[in-house]
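All values reported here derive from a predicted model rather than from experimental measurement. Residue numbers start from 1 in every chain, and the chains themselves are labelled A, B, ... in the order their sequence lines are given, proteins ahead of strands.
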Amino acid sequence: MIVLGQLSLTFAFIFALASAAFLFMGLRWDRKDFQRNGYYAVYGFFLTTVIAAAVLLQAFLKKDFSFAYVASHSDATLSTFYRVASFWAGQEGSFLFWLLVLAIAIIVIAVIDLNRLERLTGGAVAVLAVISAVFAALMVFDTGSNPFLRAEAGTMPFGLNPLLLHPGMVFHPPTLFIGYVGLAVPFAFAVSALLIGRGDKLWVRRSQKWAVFGWLFLSLGIGLGAWWAYVVLSFGGYWAWDPVENTSLVPWLTATALLHSFTLYKARGLFKRWSLGLAVLTFWFTILATWTTRTGLISSVHAFGRNQVLIWILSSFLVVTAVGSIGLIVWRWRAFESHDEVESWLSRDFLYYVTNLLFTLFAVAVAFATVAVPLLFPDRAVGPSTYDVIARPLGVVVLAMIAVCPLLAWRKTDGARLRRTLILPTVTMLLSAPLWLYLGFQSTIWGFIGLLVCGFAFGAVIQFVLRSARRAAGPDRSLWSGLGRAFTGSRPRTAAYIVHLGMVLVVAGLLGSSLYKVEQSTILQVKEGETASINGYTLTYRGMTESAGEQSSTRAVATFDVSKDGTSIGTVGPHTDVYPVSGAAVRAVILGRPFEDLFVVTDEPFDATSKTIALRIVIFPLIRWVWIGSILLCVGAAVSLWPRRQRQEQETRAVEPAEADATV
Amino acid sequence: MNKRSRTRLLVATGVIVAVFIVGVVVLVQRQGAYYSQVSELTAGQYDGKNVKVGGRVIGETIQRDAEGVHFAIQDLTGQQATVNVLYSGQMPNTFEPGVDVVVIGRYAADGTLITAEQLQTKCPSKYEGKASPASTQ
């Protein structure tokens with residue numbers, strides 16, 4: 001079986017190269033027959049990749065420990081669910097998973113285009129084939145990344161790291177990889193449009209959904225990672241500004257700017273060069289994320305070990321992509337001249353422009369501090385507090401833009417109308433103030449201001465919905481009927497309401513849970529009735545139980561009664577899970593309250609023989625808003641991806657043939 | 001294209017970019033930590049500065065109290081130097097005697113103590129299980 005896996009990977013590499021070669025020749029000489037052959041090679045690439053993935057999957061399912069990768073990432077005690085998840089638990093398998101997702105994306109694009117044989121799409125598939133070839137090459141040529149190595153005789157299965165035994169972790173890596181692949185598609189189309197010099201909006205139309213799809217999965221992946229870190233990893237929170245976390249945030253930032261540029265590119269031919277640049281930058285940052293995680297050049301808690309072949313392949317890929325894309329953009333600079341312009345400061349156009357600028361700057365700054373500082377200035381390091389100082393004010397500024405944007409008109413805003421639309425947001429801002437005061441948030445003035453801006457932005461989003469409802473209802477129908485239509489009328493607009501509302505919640509939650517976090521650790525004697533208190537909460541030790549847990553582990557639970565200001569509000573049981581092969585892990589428990597989480601964990605593993613427990617209690621205000629907001633981000637993106645009605649679809653099709661290919 | 005609006009946009013862009021770059025550079029200059037080895041800390045130039053130091057946790061020194069966890073780390077370059085660390089954040093799950101850690105925090109020559117803001121154990125979530133039974137000491 002190992003031989004079959006090895007062979008199909010090698011063939012996947014060859015097929016990817018072949019299809020890239022055919023497609024580029026087809027692009028160069030505009031030969032449809034070459035393009036068709038290129039697509040057939042894509043079929044071959046897809047099939048061989050699926051076979052390779054299937055071989056690895058069956059090895060996990062059948063507990064075939066003759067696969068070195070299977071032996072080092074699972075053991076016989078692991079349940080089927082986690083054995084399937086072990087597929088992407090390590091470097092080798094996660095590359096194969098990535099290749100599989102790439103193969104699915106590429107075959108979808110190729111199959112749709114097989115009867116159309118559009119030049120632009122041919123070029124995009126060629127670019128994706130090159131990317132696939134690079135990933136296949138990593139596994140074929142770098143033994144450290146090859147999932148099909150035979151285990152040495154007598155190898156004991158290592159088991160999966162117990163920290164990874166959590167649904168958040170099971171789904172976090174694949175969602176990120178899917179997001180990265182989704183964001184590779186706009187890049188591929190951008191490069192193709194540059195190669196053939198087609199400055200119209202076709203490439204945006206072909207890749208916009210992929211961009212939204214990639215953004216959706218990237219948001220989901222980051223959210224799941226934060227949730228996992230919060231409940232499992234015991235890093236003292238959901239975000240630690242670790243290099244690997246940072247490098248997944250960076251493409252998310254540029255992708256957010258990309259989505260905004262795309263809408264104006266499509267609607268008015270604005271931001272054409274911005275769109276190209278952001279598509280390239282986003283993809284480049286996804287590769288940088290891989291580079292950071294896999295090469296081990298940047299010290300990180302998450303990183304895999306250091307590896308020479310990998311460093312060479314990924315570094316050259318980064319350099320070639322950067323140089324090639326910049327060269328192409330310079331070469332085609334004139335073809336992507338904007339038709340329109342930003343006319344006034346007081347307009348949405350201008351805010352879109354500032355959005356692009358700020359998100360890009362923020363992304364570049366984070367990437368610089370994360371990757372360039374340790375490489376260029378090996379004697380310097382950037383700690384989390386530095387990132388916080390950059391991120392917090394920027395978060396509030398972005399929020400202020402979300403707040404102001406819907407109040408402004410496209411192109412130019414009328415002053416009197418603007419004053420009228422300011423009323424509702426101002427009211428919600430004032431209404432939110434007592435809530436922040438009740439929660440005691442006046443202790444940090446900047447945080448308080450930030451949260452007031454959240455209150456304002458909330459009102460602005462409502463205002464945004466109401467205004468489109470009023471417009472949809474017209475003069476003679478009720479606001480209610482308009483409200484329905486405001487939500488069903490335009491999917492991108494509905495998505496914008498939801499996503500912006502989600503962002504307001506996320507930023508409020510981030511501010512609340514980071515600036516107003518209260519933390520305390522106590523060494524507690526293991527004796528019934530011992531107490532620890534924090535901010536009005538009192539935890540009283542009640543006893544310890546040991547039982548069998550999941551995955552053949554044993555679980556020791558320390559039970560505490562929790563009371564707030566004298567009233568009992570429940571019990572919590574922080575616990576230690578001990579796994580037969582892979583060791584012990586402490587697990588936190590969280591008691592959710594309306595406006596804050598009471599987070600209880602022990603600082604070190606304990607069992608029935610322990611004399612003391614190192615108890616850590618943390619209060620995270622508003623943290624739930626982060627999770628709810630993140631869900632709204634994903635829901636919003638999903639809404640905009642939902643298929644449009646038939647009629648609109650046909651209208652779009654009717655327009656397409658009018659746009660002829662520009663000649664090279 | 002309207003020349004005036006274009007110039008205004010360029011000026012606005014220039015201002016935003018300049019403010020941002022200056023801000024970030026100043027911030028990194030002021031708050032950035034100096035990477036150093038444990039053995040270099042006692043030389044004097046790091047007193048009161050932010051430092052980032054890698055070292056091996058000395059098992060016998062780990063102590064917990066209400067302030068947090070106190071421990072000492074051993075130089076990784078083979079020198080016989082140690083430095084005390086106080087960390088009050090939440091302990092990574094893989095913190096244990098003998099692991100290599102990286103701490104970022106303020107160094108005080110008085111008491112040769114680093115008050116750590118961040119503590120990283122090397123590769124806890126390296127996507128791998130703990131070392132095989134054969135390779136543990």
Of the backbone (N, CA, C, O) and the side chain (C-beta and beyond), which part of A/F350 lies under 4.5 Å from a heavy atom of chain B, both, or neither? side chain
Bottom line for A/S521: the part with an atom under 4.5 Å from chain B's heavy atoms is both
OG1 of A/T386 to CD of B/E117: how many Å apart, nearest 0.5 Å?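 Rounded to the nearest 0.5 Å, the OG1-CD separation comes to 7.0 Å.
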Can you tell me how far the OG atom of B/S88 sits from the CZ atom of A/R616, to the nearest 0.5 Å?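 Spacing of OG (B/S88) from CZ (A/R616) equals 7.0 Å.
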Salt bridge (charged side-chain N to carboxylate O under 4.0 Å, His left out) with B/D75: which residues, sequence neighbours excluded?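 B/D75 satisfies salt bridge (charged side-chain N to carboxylate O under 4.0 Å, His left out) with no residue once adjacent residues are dropped.
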When only pairs under 4.5 Å are counted, which of A/V354, A/L357, A/I390 shares the most heavy-atom pairs with chain B? A/L357
Counting heavy atoms not belonging to A/R273, are there more than 12 under 6.0 Å from its CZ? yes
Any residue of residues 13-22 of chain B which, by heavy atoms, sits under 4.5 Å from chain A: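 Contacts with chain A: B/T13, B/I16, B/V17, B/F20.
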